[in-house]
Amino acid sequence: MLEITTIKDHFDQAVSGLIKRGIANAESLLSELMDLDKKRRETQSNLDSVLAEANTKSKMIGRLIQGGEKEQAQQLKEETSVLKNQAKGLQDKLTALVDKQQESLYNIPNIPNGNVPEGCSAKENEVVEEWGELPSLDDGAMPHWDLIQKYDIIDFDLGNKVTGAGFPFYKGRGAKLVRALANFCLDQAEAAGYQEIQPPVMVNETSGLATGQLPDKEGQMYAISDSNYYLIPTAEVPITNIYRDTILEVSDLPVKNVGFTPCFRREAGSWGADVRGLNRLHQFDKVELVQVNHPEYSYKALDEMCKHVSLLLQQLRLPYRMVNLCGGDLGFTSAQTFDFEVYAAGQDKWLEVSSVSNFETYQTNRLKLRCRGEDKKNFLLHTLNGSALAIPRILAAILENFQYQEGIRIPEVLVPYTGFDAITH
RNA sequence: AGAGGGUUGGCGGAGUGGUCGAACGCGGCGGUCUUGAAAACCGUUGUACCGCGAGGUACCGGGGGUUCGAAUCCCUCACCCUCUGCCA
């Protein structure tokens with residue numbers, strides 16, 4: 001969530017930022033919040049001074065009782081009782097105000113960075129980089145959902161039987177290809193200085209709140225009904241939460257972690273042609289990069305992460321475009337996001353295979369992830385993350401783009417990982 | 001899963017109703033001494049919020065309660081340890 005002091009100190013900037021996201025009433029929304037904050041501070045001041053008086057009197061009572069002056073003590077007790085009652089009222093008021101302010105802040109998205117394009121839908125996203133030539137396929141080329149049947153490498157029917165829709169089985173060379181992609185991505189990340197992490201795939205409610213999946217997108221996470229845990233929608237959640245309630249030293253920065261996990265998404269209400277086959281699943285594997293960085297260097301890091309993703313896609317020989325998301329299309333918690341879309345020739349579609357974001361202090365504020373400054377003042381750090389990469393969609397693009405009459409060619413960089421250079425009957 | 005014991009500041013560890021935000025030790029930081037370092041000695045050392053400031057408030061696993069007053073008593077939840085059971 002946003003810091004209240006940031007909104008106060010950069011009010012106009014905050015308003016115009018939210019307007020860029022398409023929030024028309026941003027000004028009144030933030031003004032209300034400022035009024036609420038003013039009331040909150042007043043109430044806190046009042047409460048503090050009542051408590052201070054009560055504390056003083058309580059201490060006097062202690063001394064009087066020790067000195068044997070019971071009657072005076074009794075008198076003070078009554079006075080203190082009155083103060084305590086006042087304090088209780090003020091405390092309730094303060095709690096209500098804080099809750100309201102918190103709720104309000106939870107519902108305000110991050111302020112877009114200055115380089116985020118104007119626009120209210122995906123149509124206004126800005127393509128900033130394009131790479132590779134779109135393959136032209138022979139007659140009889142297929143989308144991946146047909147290819148996987150033809151070569152018997154991924155089985156959706158089996159998934160339906162054993163679990164339900166959106167939980168495919170990868171078999172034989174299909175399974176091997178998943179493992180090859182994961183290992184390739186992990187090795188590349190390691191070479192770029194990321195530490196590999198294997199986190200739990202279930203998290204508690206506090207963690208979900210801290211990275212912003214809760215309460216906003218509760219419908220996206222699977223909840224474990226009898227233990228208050230949630231299945232992670234991305235490794236970002238457990239890995240970023242490592243640093244919850246933490247104060248780092250400047251010398252610890254940048255923190256660079258990479259995790260390979262299954263991701264679970266309810267994706268409630270998503271149906272239609274866009275979601276066929278591997279395009280959208282309830283469970284899928286993803287390699288995720290997570291960085292914690294100094295505010296001064298976070299955009300440099302964002303750039304570096306985008307370059308990393310570009311390089312992965314280039315090595316895999318997948319034509320892609322890199323898109324600077326416009327204000328209206330930006331994720332709730334993000335200050336700036338670049339999406340990477342890969343062209344899948346068999347279905348003639350661009351598939352989003354990576355999303356690289358800088359959250360600035362939006363997450364660290366909830367996480368209470370700070371850094372000890374040289375002046376001993378603590379400040380909030382920046383978090384960033386990016387997929388590198390989402391495996392099933394990459395798989396889909398590979399199958400479709402590299403298909404030929406008798407089989408599917410495996411990208412050269414993967415061959416050492418798969419042990420085969422083509423999938424044929 | 002059952003029985004018992006725990007949870008205190010960066011770490012170890014006192015504290016069972018009243019100047020306790022918390023003794024003491026270690027570690028960290030600053031200083032004296034030294035060519036430099038070590039040792040020794042002196043000082044300092046949590047976080048958040050309110051306030052221009054002086055200063056104030058809150059926090060001893062989380063939440064609630066008793067009391068004029070709670071780290072200390074009561075309830076509850078979570079986690080940890082030991083033993084028994086089960087298990088990859």
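Sequence lines set the chain letters: A, B, ... in the order given, protein chains first and strands last, and positions in each chain run from 1.
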Review point. Is there a side-chain polar atom (N or O) of K84(A) under 4.0 Å from OP1 or OP2 of G69(B)?
Key: yes
Point to revise | Base-pairing assignment for C29(B) (Watson-Crick or G-U wobble, both under 3.5 Å) | key: G43(B)
Check your understanding: Which is true for I65(A) with a 4.0 Å heavy-atom rule: it touches a base, it touches only sugar-phosphate, or it touches nothing?
Key -> base
Practice item. Using atom OH of Y229(A) as one end and atom P of C77(B) as the other, report the distance to the nearest whole Å. Key: 15 Å
Review point. Is N204(A) near enough to C79(B) that one of its side-chain N or O atoms lies under 4.0 angstrom from OP1 or OP2?
Key: no
Check your understanding: In Å and rounded to the nearest 0.5 Å, what is the CG to CZ distance from D329(A) to R21(A)?
Key -> 10.0 Å
Exercise for review: Using a strict 4.0 Å threshold on nitrogen-to-oxygen distance, state whether D37(A) and R41(A) make a salt bridge.
Suggested key: yes
Check your understanding: Below 4.0 angstrom from OP1 or OP2 of U57(B), is there any side-chain N or O of N55(A)?
Key -> yes
Exercise for review: Give the rounded distance in Å between these two atoms: NZ of K77(A) and P of U66(B).
Suggested key: 16 Å
Check your understanding: Does atom NZ of K171(A) have more than 12 heavy-atom neighbours, drawn from other residues, nucleotides or ligands, at distances under 6.0 Å?
Key -> yes
**Study point:** Distance, C1' atom - from C83(B) to U76(B), rounded to whole angstrom
**Key:** 26 Å
Check your understanding: Considering only the P atoms, how many Å lie between C33(B) and A38(B), rounded to the nearest integer?
Key -> 15 Å
Check your understanding: Atom CG of D245(A) to atom P of G61(B): distance rounded to whole Å?
Key -> 15 Å
Point to revise | D48(A) CG - C49(B) C1' separation (whole Å) | key: 8 Å
Exercise for review: For E53(A) and C68(B), give me the distance from atom CD to atom P, rounded to whole Å.
Suggested key: 17 Å
Exercise for review: Write down the distance separating the P atoms in G18(B) and U72(B), rounded off to the nearest Å.
Suggested key: 12 Å
Review point. Is a side-chain donor-acceptor pair under 3.5 Å present for Q72(A) with E69(A)?
Key: yes
Practice item. Select base, sugar-phosphate, or nothing to describe what S58(A) touches, counting heavy atoms under 4.0 Å on all strands. Key: base
Check your understanding: Does OP1 or OP2 of G46(B) have a side-chain N or O of R372(A) closer than 4.0 Å?
Key -> no
Exercise for review: Round to the nearest Å and state the distance from R370(A) atom CZ to U47(B) atom C1'.
Suggested key: 7 Å
Study note, to complete from the structure: Q91(A) atom CD is separated from C49(B) atom P, nearest whole Å, by 16 Å
Exercise for review: Examine C50(B): is either OP1 or OP2 under 4.0 Å from a nitrogen or oxygen in the side chain of R40(A)? Give yes or no.
Suggested key: yes
Practice item. Check whether any side-chain nitrogen or oxygen of R41(A) sits under 4.0 Å from OP1 or OP2 of C49(B), and answer yes or no. Key: no
Practice item. For L76(A), answer base if it contacts any base atom (sugar-phosphate contacts may also be present), sugar-phosphate if it contacts only those atoms, and nothing otherwise; contact means non-hydrogen atoms under 4.0 Å. Key: nothing
Point to revise | Nearest-nucleotide pick for R63(A), side chain only, options being A48(B), U19(B), C68(B) | key: U19(B)
Exercise for review: For the side chain of A52(A), starting at C-beta, report the closest nucleotide among U57(B), G65(B), C68(B).
Suggested key: U57(B)
Review point. Is the number of heavy atoms from other residues, nucleotides or ligands under 6.0 Å of E79(A) CD greater than 12?
Key: yes
